[in-house]
Amino acid sequence: MAALRRPSRRAGQARQSRFVPDFDPDFGDRPLTEARHDMVIGRWQGVRDLLAATGNDWARRTHRIRLLSHAAAGTSAVEAWRAAEPGNPDVAVLRAATEVVRLFDTAIAAGRGATVDRGRIDATADICLTAAEAAPADPMPWASLLSVARLYEGGVSRRELRGWFDELRRRDPYHTEGHTQLLRYWSARWHGTHGAMYDFARDAAGVAPPGSPLPVLVQIARVEEYRYIVDGALGRGPVRGFDQHWKHELAVTELRRTHARWVNGRERGRPAAPEEVAELNYLAHAACYAGQAAVARDVMGLLGKQAAWVPWVYTGEPEEQFVRFREGLGADAGAESGPWAEGEPGPGTG
C-alpha cells in the first residue's frame, strides 16, 4: 500500500489564500456603515452629519440615501429626526426614500398580483414631492417618485412620467438610480415590454458622456429580461434558445460598448468608488456569462473583493459564482475552459 503523503506547505497556503469576496452592503463606504448602524438603533445625528458632509455629490449622496432608507424603514429614526429638525431638507429627502421602501415592503408582503391601496401610494408620492420642494437641487426625490410610479395599477400617464423624469434630469442628466428606476418601469415585469425597456436603455446609453455608468443600463435590462423569462418558465423546463441570452452577437457587442464607454472612459487606476460597485457587478456578471474574459478580468480587477448580491443571485449562489469566475480569470484570462466553457444556468436555477 502506498504511503499517504502529507499535504505540502504550498498546498496548505493555497487553501488559506483562497479568494473570498466581500459582500459588504455599503461597498466599503465606512462612514455610511457607521451612520447606518446608528439609524438601526434609533440615532439620527450621525446620519444628519453624514448627509451634510456629502453635499451635492449626487452619485455618492444617492448611494447613501438609498441604503440609509432601507435601514430606516424598520425604525422611527427618520420621524425622530424630522420632529427635532423639521426644516432640514436632508431629512425630507431621506423620509421620502424611506417611505418608498416601506411602500414596496407592503407590496411584497401582499404578494404578487395583489394591489396596494391607491391612497397609500398617493400619500407616498406626495411625500416625495414635498421633499423635492424642500431640496430643490436634489435629484433623489424624483428618483423616488419614479420608483413609486411602478406601484400604480396600470402605471401613470406618459405626460406625468415624462415630467418627473425631466425634473430628475434637470438636476442630474446622468443620474444612474433615476434612470434605473424608469428602466424597470418600462420592463415587461411592470408597465412595458422588453422592447420598450431596451429602447430606453440604449437611448440613455447613447447620450451618456465617456466615464458615465449609464451604458450599463443595457446590461441591467438583460438581467431584467432574464428574470422575467425565468419566472415564467418555473416548472415548465428550459426555454428554447435561452442558453445564448448572454452570449449572442448583440449582447456581446453591447457588453464591449459599455466597457469601452464607461470603464475605459474613467480615470485609469482610480479604484471603484462605493457608488459604482453595484453597477460594476452587473458588468462583471454579463462579461463572465458572455465568456468575455478580457472584459471580465478588467472589471473584476477594478472591483477587487467588492461583490454585490445582485445580479449574481438571479443565476445561482452569488459567492460560488463570483469566486469561480474570478479564479478562472486568475489562472488564465484568455482561457475558454473552466467556468468559461460552462453554459449559463437555465431558467429556474436563479
So that I know where these two stand, are His194 and Tyr198 an aromatic pair - ring centroids less than 6.0 Å apart? no
Mind checking what makes salt bridge (Lys or Arg N to Asp or Glu O under 4.0 Å) contact with Arg227, not counting sequence neighbours? Glu224
Sequence neighbours left out, what passes salt bridge (Lys or Arg N to Asp or Glu O under 4.0 Å) with Glu275? Give chain and number order. Arg60
Among the clusters formed by ILVMFWY side chains lying less than 4.5 Å apart, do Trp164 and Phe104 turn up in the same one? yes
Parallel, tilted or perpendicular: which fits the ring planes of Trp246 and His285, with parallel below 30° and perpendicular above 60°? perpendicular
Quick check: closest heavy atoms across Ala290 and Lys247, and the distance to 0.1 Å? CA-CG, 3.9 Å
Which heavy-atom pair separates Gln219 from Pro215 by the least distance, and what is that distance? OE1-O, 3.5 Å
Other cluster members, Val101 - Ile/Leu/Val/Met/Phe/Trp/Tyr, side-chain contacts below 4.5 Å: none
Not counting sequence neighbours, which residues clear side-chain contact (heavy atoms from CB on, under 4.5 Å) with Glu320? List them please. Glu317, Arg324
Nearest 0.5 Å, please: how far is CG in Asp26 from NE2 in His63? 6.0 Å
Between OG1 of Thr315 and CD of Gln321, what distance do you get to the nearest 0.5 Å? 3.5 Å
Are the side chains of Pro139 and Glu177 in contact, using a 4.5 Å heavy-atom criterion? no
So Arg184 and Arg189, side chain to side chain contact (heavy atoms under 4.5 Å, CB included) or not? Walk me through it. CA-CA 8 Å; Arg184 291 186 173 130; Arg189 293 173 62 84; over 6 Å; no
Heavy atoms, side chains only, cut-off 4.5 Å: are Arg95 and Ile127 in contact? yes
Are side-chain heavy atoms of Arg36 and Pro25 found at a separation under 4.5 Å? yes
Does Arg256, at its CZ atom, have more than 12 non-hydrogen atoms belonging to other residues, nucleotides or ligands within less than 6.0 Å? no
Could you name each residue pair satisfying salt bridge (charged side-chain N to carboxylate O under 4.0 Å, His left out) that touches residues 167-176, not counting sequence neighbours? Asp166-Arg169, Glu167-Arg170, Glu167-Arg171
Non-hydrogen atoms of Gly211 and Trp262 that approach each other most closely: O-CD1, 3.4 Å
If you group Ile, Leu, Val, Met, Phe, Trp and Tyr by side-chain heavy-atom gaps below 4.5 Å, do Val252 and Val295 land in one group? no
Which pair of non-hydrogen atoms, one from Ala278 and one from Ala308, has the smallest distance, and what is that distance? CA-CB, 4.5 Å
Is there a side-chain contact between Arg266 and Leu302, using heavy atoms and a 4.5 Å cut-off? yes
Contact check, side chains of Tyr228 and Ser187, non-hydrogen atoms, under 4.5 Å: no
Counterpart residues, ring pair (Phe, Tyr, Trp, His ring centres under 6.0 Å), relative to Phe165 (two or more places apart): His179, Phe200
From Glu249 atom CD to Gln244 atom CD, the distance as rounded to the nearest 0.5 Å: 11.5 Å
Same cluster for Val310 and Val218 if Ile/Leu/Val/Met/Phe/Trp/Tyr side chains link at under 4.5 Å? no
Atom CZ of Arg150 and atom CD1 of Ile121: how far apart are they, to the nearest 0.5 Å? 12.0 Å
Tell me every residue that passes side-chain contact (heavy atoms from CB on, under 4.5 Å) with Asn264, counting only those two or more places apart in sequence or in another chain. His259, Ala260, Arg268, Asp298
Distance-minimising heavy-atom pair for Leu168 and Gly178: CD2-CA, 3.8 Å
Output the rest of the hydrophobic cluster of Val40: all Ile, Leu, Val, Met, Phe, Trp and Tyr residues reachable through side-chain heavy-atom contacts under 4.5 Å, sorted by chain and number. none
Would you call the rings of Tyr289 and Phe325 parallel, tilted or perpendicular if under 30° counts as parallel and over 60° as perpendicular? perpendicular
Phe19 with Val299, same ILVMFWY side-chain cluster at under 4.5 Å: yes
Arg102 and Glu79 ion-paired at < 4.0 Å: yes
Other members of the hydrophobic cluster containing Leu68, with the 4.5 Å side-chain heavy-atom rule, please. Leu32, Met39, Trp44, Val47, Leu50, Leu51, Ile65, Leu67, Val78, Trp81, Val91, Val93, Leu94, Met140
Supply the members, apart from Trp58, of the Ile/Leu/Val/Met/Phe/Trp/Tyr cluster built from side-chain contacts under 4.5 Å; use none for a lone residue. none
Should the pair Trp312 and Phe322 be assigned to parallel (<30°), tilted (30 to 60°) or perpendicular (>60°) ring geometry? perpendicular
What about Leu129 and Leu182, same hydrophobic cluster or not, with Ile/Leu/Val/Met/Phe/Trp/Tyr joined at side-chain heavy-atom distances under 4.5 Å? yes
Quick one: list whatever passes salt bridge (Lys or Arg N to Asp or Glu O under 4.0 Å) with Arg61, sequence neighbours left out. Asp90, Asp138
Please tabulate, for the side chains in residues 151-163, all donor-acceptor contacts under 3.5 angstrom to protein atoms that are two or more places apart in sequence or on a different chain.
{"residue": "Tyr152", "atom": "OH", "partner": "Asp122", "partner atom": "OD1", "Å": "2.7"}
{"residue": "Ser157", "atom": "OG", "partner": "Glu160", "partner atom": "N", "Å": "3.1"}

Distance (rounded to the nearest 0.5 Å) between Gln292 CD and Leu283 CG: 11.0 Å
Grab the two heavy atoms, one from Ala284 and one from Leu303, that are nearest each other, plus how far apart they are. CB-CD1, 4.1 Å
